[in-house]
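Working notes for the structure below.
No hydrogens, no waters, no symmetry mates; every other heavy atom, side chains included, goes into these values. In what follows, every chain begins at residue 1, and chains take the letters A, B, ... in the order their sequences are listed.
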There are 2 protein chains.
Amino acid sequence: MSVCADCQAADSSPALRNARVTIRDVARLAGVSLGTASNVLNNPTVVAAPTRLRVLDAIARTGFVRSTAAHQLRVGRSLTVGVLLLDLANPFFAEMVKGAEAVLRDKGYVLMVCSSDESPDQERRYLRALEEHRVDGLLTTPVERDLKDLAALAARGIPTVLLDRDAGGLGLCSVTVDDVRGGELAASHLIALGHTVVAFVNGPLSIRQCADRRQGARQAFRHASLRPERAMVEITVPALSVEQGEKVVERLLASIPRPTAVMCANDLLALGVLRGLTAAGIAVPGEVALVGYDDVAFAAMLSPALSSVRQPKYELGASAAMLFLEEVSGEEHEHRSVRFEPELVVRASSGGDKTTAISLPT
Amino acid sequence: MSVCADCQAADSSPALRNARVTIRDVARLAGVSLGTASNVLNNPTVVAAPTRLRVLDAIARTGFVRSTAAHQLRVGRSLTVGVLLLDLANPFFAEMVKGAEAVLRDKGYVLMVCSSDESPDQERRYLRALEEHRVDGLLTTPVERDLKDLAALAARGIPTVLLDRDAGGLGLCSVTVDDVRGGELAASHLIALGHTVVAFVNGPLSIRQCADRRQGARQAFRHASLRPERAMVEITVPALSVEQGEKVVERLLASIPRPTAVMCANDLLALGVLRGLTAAGIAVPGEVALVGYDDVAFAAMLSPALSSVRQPKYELGASAAMLFLEEVSGEEHEHRSVRFEPELVVRASSGGDKTTAISLPT
DNA sequence: GTGAAAGCGCTAACAA
DNA sequence: TTGTTAGCGCTTTCAC
């Protein structure tokens with residue numbers, strides 16, 4: 001009812017179609033020029049109080065809502081920030097987005113969130129779409145190792161911050177967690193517990209995080225005077241998902257010598273592996289020790305509680321957003337790389353929660 | 001390097017600032033008029049093959065990327081869809097967004113994702129921002145029970161689909177899961193297991209889902225000839241989060257008579273409660289049975305595995321997106337309400353996984 | 001088959 | 001202090 005009144009009011013002057021009320025309508029109703037109405041919005045101090053009130057009143061009465069598109073066309077800012085990540089359904093990324101959102105919403109930005117689902121094609125399409133939308137900035141975890149698309153984008157004037165990914169010499173800001181160190185933490189932990197055959201369920205090495213964690217793990221083996229080629233059973237899966245983790249268990253159990261410990265590239269995989277092992281009647285950590293990566297919210301509550309490598313998810317997103325803000329703030333900006341340290345959280349699944357803290361190689 | 005070549009090419013005509021290459025630049029380079037260049041994009045068949053190729057070539061050489069904003073100003077479509085939900089970090093919503101994204105991305109839409117964090121204020125601000133951006137549609141789980149803001153938005157020409165929320169007579173599409181039924185399923189299950197004092201850890205009743213689940217639970221008690229006022233210990237928390245769940249345990253244990261079972265308004269709360277109970281040394285389901293709601297990915301793997309009420313999250317999002325598409329497809333559209341049925345998933349935490357299936361009142 | 005021109009809604013520079 | 005005007009980049013008639 002009151003709704004109808006509203007829309008009739010808005011529609012009164014234009015044709016039958018529910019045409020949008022423009023600033024021109026506002027001006028007309030307030031009996032001022034278009035420019036003055038605009039000034040009320042963008043430069044309120046410059047217009048006399050009585051006029052301003054008339055305009056404000058007209059805005060309220062017409063239900064005027066300024067068009068960002070038109071604004072953008074003049075001013076050059078879209079008030080949007082693109083967020084392009086691997087998988088929104090992964091709590092790790094979701095949490096990160098929330099961090100970014102929290103710092104950006106107060107500055108008037110809205111996020112365009114896109115999941116590439118680890119498909120380079122999808123990523124390319126979204127990158128294109130975001131550029132068409134002229135996002136004021138981009139926070140992204142690229143699928144592809146090759147960052148030239150992103151560098152080009154940045155060169156074309158879209159400030160880009162890499163999320164959980166190194167800039168690799170290109171002039172980009174980035175926020176990362178030391179994944180080599182994280183991989184090392186996980187592997188060292190298992191090694192210190194006496195495991196000499198450790199499976200590493202990893203995603204595609206084209207994903208930097210996966211490659212880095214692997215490198216860290218190898219490092220750990222070498223530090224322990226173990227040959228990674230023998231001690232580390234590498235199993236690569238196409239996606240970092242629960243399903244893939246569950247599916248991989250078969251291969252895991254078939255491999256000879258059979259691993260007594262498993263580390264996974266993320267907690268979703270670990271969850272899948274855990275589910276698979278449980279289904280197969282394998283005791284965790286009794287027969288197989290398990291370590292995940294990310295320490296997502298549920299890791300602590302799994303059965304058994306999942307040992308994992310914690311990453312400061314929310315802070316990662318927030319820092320990325322702040323780097324973006326810094327870059328667009330106007331003052332000259334040096335591309336920076338913010339690096340967070342991961343942290344091993346030992347719980348039951350690795351069987352290491354009862355042992356004393358072990359000193360790890362640095 | 002090739003990057004630099006590109007941007008120099010683009011920058012050659014305009015000033016020193018990295019000005020965007022426009023369709024006018026493309027036209028100039030191709031030696032055609034602006035209109036023809038535009039036709040190549042929007043009406044390719046109408047332009048002669050050789051000309052078209054020249055233009056296409058110019059587009060490639062300049063790295064032209066069309067501006068959605070300008071496009072929108074003419075055509076009236078922003079190619080964006082707003083998604084405004086309670087909390088992106090809640091896997092339930094994240095999964096739903098992915099469902100929506102999957103159907104919308106192929107149609108060229110990008111999602112503007114916003115978390116209201118259950119704050120009416122935040123919600124209002126985002127609603128405003130999304131309207132300024134002229135989203136072509138809105139998929140939303142409102143915080144407020146009062147939908148008049150949304151109805152007004154829809155009346156102003158933004159097709160709105162309610163996510164997991166009834167339209168309540170207003171002319172809006174909606175996708176819902178029968179929450180009354182879900183609450184009934186959870187409560188009936190616990191009642192059937194012999195519990196006569198059941199705590200219901202619920203969120204604010206201003207959230208429809210919370211109110212509905214409560215109603216369903218009360219219904220279940222009455223069906224079992226129990227008085228809800230006595231058998232059901234209601235505890236309301238301000239947010240549906242793990243933290244709140246954990247915090248609530250104290251009150252839970254202090255209440256007299258002490259509940260032997262707990263049902264929660266979502267799995268995050270249940271996870272918190274489980275964590276709290278475990279910390280307090282209370283056996284689940286031995287001393288207290290527990291049922292969650294949503295059946296998020298990790299529910300099955302908790303310790304003990306969490307009984308929960310499953311909702312088709314992904315499908316919910318996908319259907320909402322499809323309703324939106326239907327609405328904008330042009331053919332006259334009747335607002336529809338798609339309703340999904342929830343499903344009780346019995347696992348260890350309720351202590352009901354060993355009993356035979358129980359017939360529940362319908 | 002192609003070009004010229006109007007205009008989407010807004011801001012900002014300039015005039016009055 | 002207010003009004004006028006020229007675009008921002010694009011699509012889309014309408015002539016040619």
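- Under 4.0 Å is where a charged nitrogen must lie from a carboxylate oxygen, and between Asp25(A) and Arg28(A) at least one such pair does.
- Ion pair Asp121(B)/Arg124(B) flagged as a salt bridge, since at least one NZ, NE, NH1 or NH2 atom sits closer than 4.0 Å to an Asp/Glu carboxylate oxygen.
- End-to-end axis angle for the helix from dG1(C)-dC16(D) to dA16(C)-dT1(D), using five pairs per end and rounding to 10°, comes out at 40°.
- For residues 98-121 of chain A, every residue pair satisfying the ring-ring contact (aromatic ring centres under 6.0 Å, His included) rule, not counting sequence neighbours, is listed here: Tyr109(A)-Phe324(A).
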Footprint string (nucleotides 9-16 of chain C, 5' to 3'): B base within contact, S backbone only, - free, heavy atoms under 4.0 Å: BBBB----
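- Bounding nucleotides for the chain B contact on DNA chain D, 5' to 3', at a heavy-atom distance below 4.0 Å, are dG9(D) to dT12(D).
- Test Leu138(B), Thr140(B), Leu147(B) against Leu153(B) for side-chain contact (heavy atoms from CB on, under 4.5 Å) and you get one pass: Leu138(B).
- The only member of Thr141(B), Leu86(B), Leu85(B) that meets side-chain contact (heavy atoms from CB on, under 4.5 Å) when paired with Ser116(B) is Leu86(B).
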Name each donor-acceptor pair under 3.5 Å that joins a side chain in residues 168-176 of chain B to protein atoms two or more places apart or in another chain, with its distance.
residue, atom, partner, partner atom, Å
Ser174(B), OG, Ser337(B), OG, 2.8
Thr176(B), OG1, Arg339(B), NE, 3.2

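- Looking at residues two or more places apart in sequence or on another chain, you find no side-chain hydrogen bond (donor to acceptor under 3.5 Å, both in side chains) involving Arg52(A).
- Ala167(A) and Leu162(A) get closest at one heavy-atom pair: CA-CD1, 3.5 Å.
- Between Arg208(A) and Asp164(A) there is no salt bridge, since no side-chain nitrogen of the basic residue lies less than 4.0 Å from a carboxylate oxygen of the acidic one.
- Between Arg54(A) and Gly31(A), the closest heavy-atom pair is NH2-O, 3.9 Å.
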